[in-house]
Amino acid sequence: MTGEASTRASERETDVLVVGAGIAGLSAALAADRAGADVVLATKAERPESASTWWAQGGIAVTRDDPEQFKQDVLAASAETADPQAIDVLVEDADRAVQDILVDTLDIEFDTNGDGEYDYGQEAAHEDPRILHVNAETGKHVHVPFLNYVADETDVTILEDTAAVELVRHEGRVYGAILEHDGEWAPTFAGSTVLATGGIGALYSLSTNPPDATGDGIAMAALAGADVNDMEYVQFHPTAFDPAAVQGDTEMDADSDVFLISEAVRGEGALLRNADGERFMPAYHDGAELAPRDVVARAVTRERERTGRVFLDVSQIEFESTFPDLAAKCEQAGVDWAEGIPVAPAQHFLCGGIVVDDRGRSSLDGLYAVGECARTGVHGANRLASTSLLEGLVWGLRAGEDAVGNSVDTIEPPELLERDPDLPERFAREKFHRLRQVMDEQVGIERTPDGLRRAQAVLRRLKGEVDAYVRTRTSRSLYELRSAAVVSLLVARAAAANDESVGCHYLVEDELSEPATPETS
Ligand code: SIN
């Protein structure tokens with residue numbers, strides 16, 4: 001990573017502790033710093049690309065001159081389930097936050113057209129083009145300058161390679177978190193603790209998230225008793241690059257080089273075709289390739305099952321000049337994109353998470369959550385494209401401002417500091433493998449009531465085994481596994497409790513389900 005940064009985990013006190021260094025965490029840290037607070041930002045990351053923000057492609061939506069249409073699009077994409085008041089917050093803060101932080105503070109040069117006007121991109125379920133972008137690599141162009149700015153131009157103390165493993169709490173109040181660095185464990189006591197730990201991509205074998213996305217913030221908050229909601233709404237992106245098509249395998253796996261083929265490519269006019277060369281989306285939805293993301297993801301899944309492969313046909317657009325980075329990535333992966341890019345759905349975003357209000361306040365005193373780990377209500381059952389960076393920015397700023405001013409109190413930290421730091425790595429690897437298998441098979445794009453029951457049984461057992469380890473050993477990978485187990489169970493439970501197919505949560509009849517997996521039969 002960048003700039004001057006400390007790397008040692010030692011006992012500390014600070015006004016505001018931020019956990020996570022994507023756009024949401026950086027925004028919270030910056031806002032709290034601007035308000036005069038002493039801020040510590042802890043991140044597991046050693047490199048910028050460990051944050052989901054770095055991986056964002058399409059861009060960041062702004063209102064332009066039609067906020068009401070933007071609000072309607074967010075609501076419609078959510079299948080009318082999003083919270084209108086949260087949408088108002090998002091849209092009404094959008095342009096001011098983008099101008100202040102991304103343009104005026106970080107000097108990000110979003111793409112312009114020949115007239116010097118912004119080249120607003122178009123993505124699925126947006127009525128109008130309204131997406132600011134830098135090629136299709138917007139995340140990286142936002143994240144790196146933001147990290148540099150916070151490291152070099154503010155008083156925020158950045159602790160790299162430092163994981164939060166447990167919240168310090170007592171009777172409904174959070175006092176900070178236990179941080180781990182290089183096997184050392186120590187509490188950081190804070191007036192306010194802001195979780196910005198991102199999503200849950202590590203729970204699935206195919207994800208557009210970085211591998212570090214183990215749901216740590218959601219797990220820590222849930223274990224501390226915070227309200228968590230909408231966990232069944234796991235969004236799958238319809239067009240991740242399908243490396244199996246190049247390798248000749250029938251299945252993709254977690255180690256494959258999965259990368260996103262931005263929806264912006266379909267926004268430009270690329271078409272989806274099955275292995276027989278047929279354009280299939282018009283038969284599934286009037287919006288065709290720009291139908292809501294969940295609809296496209298299910299259609300791609302069906303056509304892959306029916307015909308073997310699905311390709312993105314970019315022959316009618318200026319692919320190489322419009323998306324040079326994606327063209328280069330395809331070439332690196334050994335694909336002649338002019339022949340069609342093989343694609344498959346991959347886990348992309350969690351719409352639910354830690355329940356927060358319009359200032360990012362959770363149900364526990366002193367605990368905030370922002371970005372993907374938070375459930376603001378903006379997304380409801382499904383998220384509109386290019387609103388995640390915006391949500392992280394808007395709620396990060398709001399939470400960072402609000403978090404300033406709470407007194408810093410110290411209490412007796414949890415006893416985990418005393419434990420034996422030994423962990424067989426194989427245990428974590430094997431359990432992660434099993435967990436992903438269950439999530440892929442039973443808690444993926446399509447779910448059955450019976451599959452969800454079986455998933456919960458397996459995940460409960462797995463969590464029990466992990467908990468037994470946690471009582472006697474500590475290591476970062478064990479805590480990541482515990483987070484993944486806790487969050488998987490939350491997702492499976494929420495999905496089982498919701499018998500209505502809506503947005504990202506899609507139920508099919510039991511008879512279509514796969515036979516029981518060996519561990520559950
Ligand atoms: C994309 O570029 O397709 C992803 C945008 C998003 O998920 O918001």
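All figures in this text were calculated on a predicted structure; none of them were measured in a lab. In each ligand, atom 1 is the first atom listed, and ligand 1 is the first ligand listed.
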Check ion pair Arg266-Glu263 (N to O, under 4.0 angstrom) | yes
Residues Arg298, Asp294: salt bridge by 4.0 Å N-O rule | yes
Carboxylate-amine/guanidinium proximity below 4.0 Å for Asp128 and Arg64 = no
Identity and distance of the protein heavy atom lying nearest atom 8 (O) of ligand 1 = Ser386 N, 2.5 Å
Rounded to the nearest 0.5 Å, what's the gap from CG on Leu90 to CD on Gln85? Could you check?
-> 14.0 Å
Could you pull out, from Ser262, Pro238, Ala136, the option with a heavy atom nearest to atom 1 (C) of ligand 1?
-> Ser262
In terms of residue, atom name and distance, what is the protein heavy atom nearest to atom 6 (C) of ligand 1?
-> Arg293 NH2, 3.3 Å
In Phe319, Phe241, Phe323, the residue satisfying ring-ring contact (aromatic ring centres under 6.0 Å, His included) with Trp337 is Phe319
shortest atom 3 (O) of ligand 1-to-protein heavy-atom contact is with Glu263 N, 2.6 Å
What closest approach, in Å, do His379 and Ala82 show between heavy atoms, and which atom pair accounts for it?
-> C-CB, 4.1 Å
For Ala385, atoms of ligand 1 separated by under 4.0 Å from a heavy atom = 8 (O)
Check whether any N or O atom of His348, backbone or side chain, sits under 3.5 Å from an N or O atom of ligand 1, and answer yes or no.
-> yes
With atoms numbered from 1 as shown, which atoms in ligand 1 lie under 4.0 angstrom from a non-hydrogen atom of His237?
-> 1 (C), 3 (O), 4 (C)
Has ligand 1 got any nitrogen or oxygen that is less than 3.5 angstrom from a nitrogen or oxygen of Gly58?
-> yes
